[in-house]
Number of protein chains: 2
Amino acid sequence: MSNLTLKQLRYFAALARHGHFGHAAEACAISQPALSMQIKELEETLGTMLFERGARQVRLTGFGEVFAERVREILRDVDELGDLARASRDRLVGRLRIGIIPTIAPYLLPRIIGDLTRAFPELDIQVRETLTPKLAQELSDGLLDTAIVALPVSDPAFAEVPILTENFVLVRHARQAGQPAPSREKLRGMRLLLLEEGHCFRDQALSFCSIPTGRPREGLDGSSLSTLVQMVGAGIGVTFIPEMAVEVETRSASVSVTRFDDAQPCRTIGMIWRRSNPLAGQLDRIARVIHCACQAG
Amino acid sequence: MSNLTLKQLRYFAALARHGHFGHAAEACAISQPALSMQIKELEETLGTMLFERGARQVRLTGFGEVFAERVREILRDVDELGDLARASRDRLVGRLRIGIIPTIAPYLLPRIIGDLTRAFPELDIQVRETLTPKLAQELSDGLLDTAIVALPVSDPAFAEVPILTENFVLVRHARQAGQPAPSREKLRGMRLLLLEEGHCFRDQALSFCSIPTGRPREGLDGSSLSTLVQMVGAGIGVTFIPEMAVEVETRSASVSVTRFDDAQPCRTIGMIWRRSNPLAGQLDRIARVIHCACQAG
DNA sequence: GATTGGACATAAGGAAAACTTATCGCGAAA
DNA sequence: TTTCGCGATAAGTTTTCCTTATGTCCAATC
């Protein structure tokens, strides 16, 4: 009637090892009758005798022997469960699903993944690159563990930790190199090339220029910073890119880069995760590692 | 502090499957708080969170997922334990160690093993051939499960079941073929070839001739019935062999076989096993199979 | 923005399980 | 026969586990 118990299996294993109720009971730190009862109940549950109670000795039955073998395996596996938990409590193990927005991914991801892998070799890192709203949704749904986005996200369910703050630079055609940075008013008069809608970087750029984000704009939208820079190089207009993208994107285009002196446009990159995530503490450690990774560059 | 419990693992598996405390509890046929408490205790035992309690849903943590995988395996193994027991309750499985005396083994063993293997294909039969006292000792020590010997053994610790009763025949030289069976008095005057001391068959033959068994005898002792028959064929004396040995042993020797008319000498072959052996019932079944095997011949 | 409802946690009390000490009974050894 | 070792059984107590009732939080709804 009653189900099998791990306790019964442990007692059984002890008795099988000692071949003596008294000694086995002592090894289990219980009294001999307690062990007798558990063994008896185990045998009743199985409907088979496990031990042959001789006058002077207790012996496993034939079935008891094959049973004992299996039980030893099971107990070992169960004990390994505990080890597994203990191990994963300290060091970070298993899968870590990171979301990241497209205006960060190409520039920071190699360094981030490198440093994380070095810091947590047992971590299986999976990356998903898409826009912030989708990342937030997937984070909520438990499809992601954390995301690297531009702050603030301002979702009360998420914890936010800043990673780095970086300026935007103006990208103009190469022939405009050396010209001073235009004022915002002048900027609004230029043909400003931006990312497609949905990219937070688009909104941040518009915001810097004091242009309402909702309003339909004339002009072309690019699907990546790389595309935008190439368009600038072709003389189609100007654009912004974040500082971290400068080196990569302006290398092979006839463009010039201009930094603003005062009131520099900037964005804050940060990590977010569900507050309810029990990994919160370890995500904090990860955030610190990523922080260092980004500062170092 | 408290140890892992199978119950906890079962509840955990249910919750992992349902992702909902209420539903999982229902599936386990317990109340929701009971499940909550067990899960909580499991998590405390492990020192790690297994589930992420969201506002609207319950999700496994990363560690919880790898944990769940292992737990499923363990639960499956444990359930197989029950199956294993249930299976071995009916049909006979595992090792069966049979002891048998030398004056039976060559003649009955092939048929016995054949029939047993046919009746219980999952039985792993091991045979040990030696004299009755040694068999009895090994049976007591648990080195054998059963033995096929001449009854009675009269050990109160052993159960005895007769298998067959067979007569002894007198083996004389071929030139004496057709001569009537001698009386016991005449027998005592002949040179009687017997097995070495320790063989019960020796004692039974002596007993038939009303010769005290303990007394030192003139004459030669053979180590097997085959040897004895060959010696008879060489004209050295006469001997007894059991009926079952006639066909095999007298085929290639110049001997004649004589059966007694009245007061035929005989022995009863039977199976013995420890009364305390929980397999007693199944040994009974085996005895019946062997019984049939011997009758059929 | 107050309210309602769903869902898990907590509390308290009671039923069941498990352990303890004491004792019995059996078989072997002295 | 007595004695002794050892496992089974009995009775009582502690611990565990489950139940019902209640609390709390959060999200959805009006």
Side-chain angles (χ1 to χ4, degrees), chain A residues 1-12 14-16 18-45 49-61 64 137 140-142 155-158 274-278, chain B residues 1-12 14-16 18-45 49-61 64 137 140-142 155-158 274-278:
Chain A
M1 189 91 308
S2 95
N3 242 329
L4 237 58
T5 314
L6 269 189
K7 203 183 309 192
Q8 290 172 348
L9 297 187
R10 290 218 151 87
Y11 292 176
F12 164 77
L15 182 53
H18 289 95
H20 185 289
F21 278 73
H23 300 166
E26 189 178 8
C28 296
I30 57 170
S31 65
Q32 168 262 313
L35 187 129
S36 282
M37 289 189 298
Q38 290 298 320
I39 296 294
K40 181 182 172 185
E41 190 168 333
L42 176 60
E43 288 177 327
E44 282 174 0
T45 301
M49 291 286 104
L50 292 169
F51 294 95
E52 183 182 333
R53 277 85 157 165
R56 207 34 105 174
Q57 57 186 328
V58 175
R59 240 196 323 267
L60 279 170
T61 62
Q137 182 61 47
S140 290
D141 292 347
D155 185 321
F158 295 157
R274 296 184 301 279
R275 289 186 190 284
S276 65
N277 192 332
Chain B
M1 192 83 309
S2 96
N3 242 329
L4 239 58
T5 314
L6 269 188
K7 203 185 307 192
Q8 290 172 347
L9 297 187
R10 290 218 151 86
Y11 292 175
F12 165 78
L15 181 54
H18 289 95
H20 186 289
F21 278 73
H23 300 166
E26 190 178 10
C28 295
I30 57 170
S31 65
Q32 169 263 313
L35 187 127
S36 281
M37 289 189 298
Q38 290 297 321
I39 296 293
K40 181 183 172 188
E41 190 169 333
L42 176 59
E43 288 177 328
E44 282 174 0
T45 301
M49 291 286 104
L50 292 169
F51 294 96
E52 183 182 332
R53 277 87 158 163
R56 210 33 107 174
Q57 58 186 328
V58 176
R59 240 197 324 268
L60 279 170
T61 61
Q137 182 60 49
S140 290
D141 292 347
D155 185 321
F158 295 157
R274 296 184 300 278
R275 289 186 191 283
S276 65
N277 192 332

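Order of the sequence lines sets the chain letters (A, B, ...), proteins ahead of strands, with each chain counted from 1. Bear in mind that the values here come from a model prediction, so they are computed numbers and not experimental data.
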Please give, in whole Å, the distance from [N] [atom2] to [X] [atom1]?
X	N	atom1	atom2	result
R274(B)	dG27(C)	CZ	P	16 Å
L50(B)	dC8(C)	CG	P	16 Å
K40(A)	dC6(D)	NZ	C1'	17 Å
F21(A)	dC24(C)	CZ	C1'	16 Å
I39(B)	dC8(C)	CD1	P	11 Å
N3(A)	dA17(C)	CG	C1'	14 Å
L6(B)	dC17(D)	CG	P	12 Å
Q57(A)	dG27(C)	CD	C1'	13 Å

### Query
Can you check whether L50(A)'s main-chain N or O pairs, donor with acceptor, with E43(A)'s side chain at less than 3.5 Å?
yes
### Query
Counting N and O atoms only, with roles assigned by atom type, does the side chain of T5(A) sit under 3.5 Å from a partner on the main chain of Q8(A), one being a donor and the other an acceptor?
no
Could you tabulate the donor-acceptor pairs under 3.5 Å formed by side-chain atoms of residues 18-25 of chain A, not counting sequence neighbours?
| residue | atom | partner | partner atom | Å |
| --- | --- | --- | --- | --- |
| H18(A) | ND1 | A14(A) | O | 2.9 |
| H20(A) | ND1 | G22(A) | N | 3.1 |
| H20(A) | ND1 | H23(A) | N | 3.0 |

Look at [X] and [N] and indicate whether a side-chain polar atom (N or O) is within less than 4.0 Å of OP1 or OP2.
X	N	answer
Q38(B)	dC18(D)	yes
Y11(A)	dC19(C)	yes
R53(A)	dA8(D)	yes
H20(A)	dG5(D)	no

### Query
Of all the nucleotides listed (dT10(C), dC17(D), dA7(C)), which has the minimum atom distance to the side chain of S36(B)?
dT10(C)
Using the 3.5 Å cut-off, write out each protein N or O paired with an N or O of nucleotides 19-29 of chain D and the distance between them.
| residue | atom | partner | partner atom | Å |
| --- | --- | --- | --- | --- |
| dT19(D) | OP2 | S31(B) | N | 2.7 |
| dT19(D) | OP2 | S31(B) | OG | 2.7 |

### Query
So with a 6.0 Å cut-off around CD of E26(B), is the heavy-atom count from everything else above 12?
no
### Task
Show the numbers, then the answer: is there a side chain to side chain contact (heavy atoms under 4.5 Å, CB included) between N3(A) and T45(A)?
CA-CA 7 Å; N3(A) 242 329; T45(A) 301; 5.7 Å; no
### Query
So what does F51(A) hit on the nucleic acid, given a heavy-atom distance under 4.0 Å: a base, only sugar-phosphate, or nothing?
nothing
### Query
Under the ring pair (Phe, Tyr, Trp, His ring centres under 6.0 Å) test, which residues partner F158(A), sequence neighbours left out?
none
#### Entry: Nearest-nucleotide comparison on DNA chain C, the residue closer to the 5′ end among K7(A) and G22(B)
G22(B)
### Matching residue for L42(B) among F12(B), F51(B), Y11(B) - test: side-chain contact (heavy atoms from CB on, under 4.5 Å)
F12(B)
